[in-house]
Amino acid sequence: MIQMPVFDFSMFPFLETMRLTLRQLSRFDDQAVFEIRNDYQVTKYNTGDAYTTIAQAQELIQSIRAEYVEKKTVRWGITLKPHDKVIGMVGFNYWDRIDHRASIGFDLRQDQWRKGIMSEAVQEVIRFGFENMGLNRIEADASIYNVGSMTLLQKVGFIQEGVQREQYYEDGNYHDLVFFALLKQEWLLNT
């Protein structure tokens, strides 16, 4: 029998790890989100250009909050204890309740790279997805050039499933997208 999800969007899930707090983004995080999304090195593999105005960060936060209210997605701001400043974002970009699967996405300030922060945050979000959302499968994708994201996904247990050749068009060229997934049974074997 498939266990039904416990999480119902009634209260935003506050998550903690040894070093991190994962919390809901607020309008007061606009400057921090702008600093993340303004950095071309952080955003070069995301859809869209690096942000040029604080209004873009405000719109992103409003969109994330609205999608949560609409029960479509759940995405967290990442803070490094004991501070409350957002240094990254992580979460599920969609949740298919019928198939018990969701897609994870993340980004992190460049000055916080290579410190294990994102793998710690992603592992906590994975745990939440399998234990509280009733997920059986978590999906992710990365540009073929995004070695950092692909390495992180494999480090936390994701398996590469395939490549969509010339999946997106950017900067006058077509680019490949690599697909990954982690199944609940695989995650349980490694926890």
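Keep in mind that the numbers below use all heavy atoms, side chains included, and drop hydrogens, waters and symmetry copies.
In this structure, the side chains of L25 and V33 come closer than 4.5 Å at one or more pairs of heavy atoms. Side-chain contact between N38 and T52 is absent, with no heavy-atom pair separated by less than 4.5 Å.
By the rule that hydrophobic residues join a cluster once side-chain heavy atoms approach within less than 4.5 Å of another member, Y94 and F130 end up as members of separate clusters. Taken together through direct or relayed side-chain contacts under 4.5 Å among Ile, Leu, Val, Met, Phe, Trp and Tyr, F28 and I64 form parts of separate hydrophobic clusters. Residues I54 and I61 share a hydrophobic cluster, clusters being chains of Ile/Leu/Val/Met/Phe/Trp/Tyr side chains in contact below 4.5 Å. Hydrophobic clustering, with ILVMFWY side chains joined whenever heavy atoms are under 4.5 angstrom apart, keeps F14 apart from F92. Neither I159 nor L153 shares a network with the other; the hydrophobic side chains, linked directly or stepwise wherever heavy atoms of I, L, V, M, F, W or Y lie under 4.5 Å apart, form separate groups for each.
Panel note: side chain D30, backbone A57; no donor-acceptor pair is recorded below 3.5 Å. Looking only at distances, a side-chain donor or acceptor of T151 sits under 3.5 Å from a matching main-chain atom of V147.
The environment of K155 atom NZ is sparse: at most 12 non-hydrogen atoms of other residues, nucleotides or ligands sit within 6.0 angstrom. Within 6.0 Å of atom CG in D49, 12 or fewer heavy atoms from other residues, nucleotides or ligands are found, so the atom counts as exposed in its surroundings. Counting heavy atoms of neighbouring residues, nucleotides and ligands inside a 6.0 Å radius, atom CD of Q185 does not exceed 12 of them.
Ion pairing of D29 with R23 is present here, as a side-chain N (NZ or NE/NH1/NH2) and a carboxylate O approach within less than 4.0 Å. In summary, R165 and D176 do not engage in a salt bridge, as defined by a charged side-chain N under 4.0 Å from a carboxylate O. The existence of a salt bridge linking R137 and E161 is confirmed by a sub-4.0 Å separation between a basic side-chain nitrogen and an acidic carboxylate oxygen.
Taking the six-membered ring where the residue is Trp, F7 and Y68 present tilted rings, their angle falling between 30° and 60°.
The cationic group of R109 does not satisfy the cation-pi geometry with W113, failing either the under 6.0 Å distance to the six-membered ring centre or the 45° limit from the ring axis.
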F128 and W76: CA distance, side-chain angles, deciding distance, ring pair (Phe, Tyr, Trp, His ring centres under 6.0 Å) verdict: CA-CA 12 Å; F128 181 83; W76 292 264; 5.6 Å; yes

Run the numbers on W187 and F158 for ring pair (Phe, Tyr, Trp, His ring centres under 6.0 Å), then give the verdict. CA-CA 9 Å; W187 176 75; F158 281 75; over 10 Å; no

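The side chain to side chain contact (heavy atoms under 4.5 Å, CB included) with F106 is formed by just one residue from the set V125, I78, V90, N93; it is V90.
With no hydrogens or angles considered, no side-chain donor-acceptor pair links E124 and T17 at under 3.5 Å. Side-chain contact, N146 with S149: a donor N or O sits under 3.5 Å from an acceptor N or O. Donor-acceptor pairing under 3.5 Å is recorded for the side chains of Q31 and E35.
In this structure, Y174 has its ring center at least 6.0 angstrom away from the ring center of Y168. Between Y51 and F34, the ring centre distance reaches or exceeds 6.0 Å.
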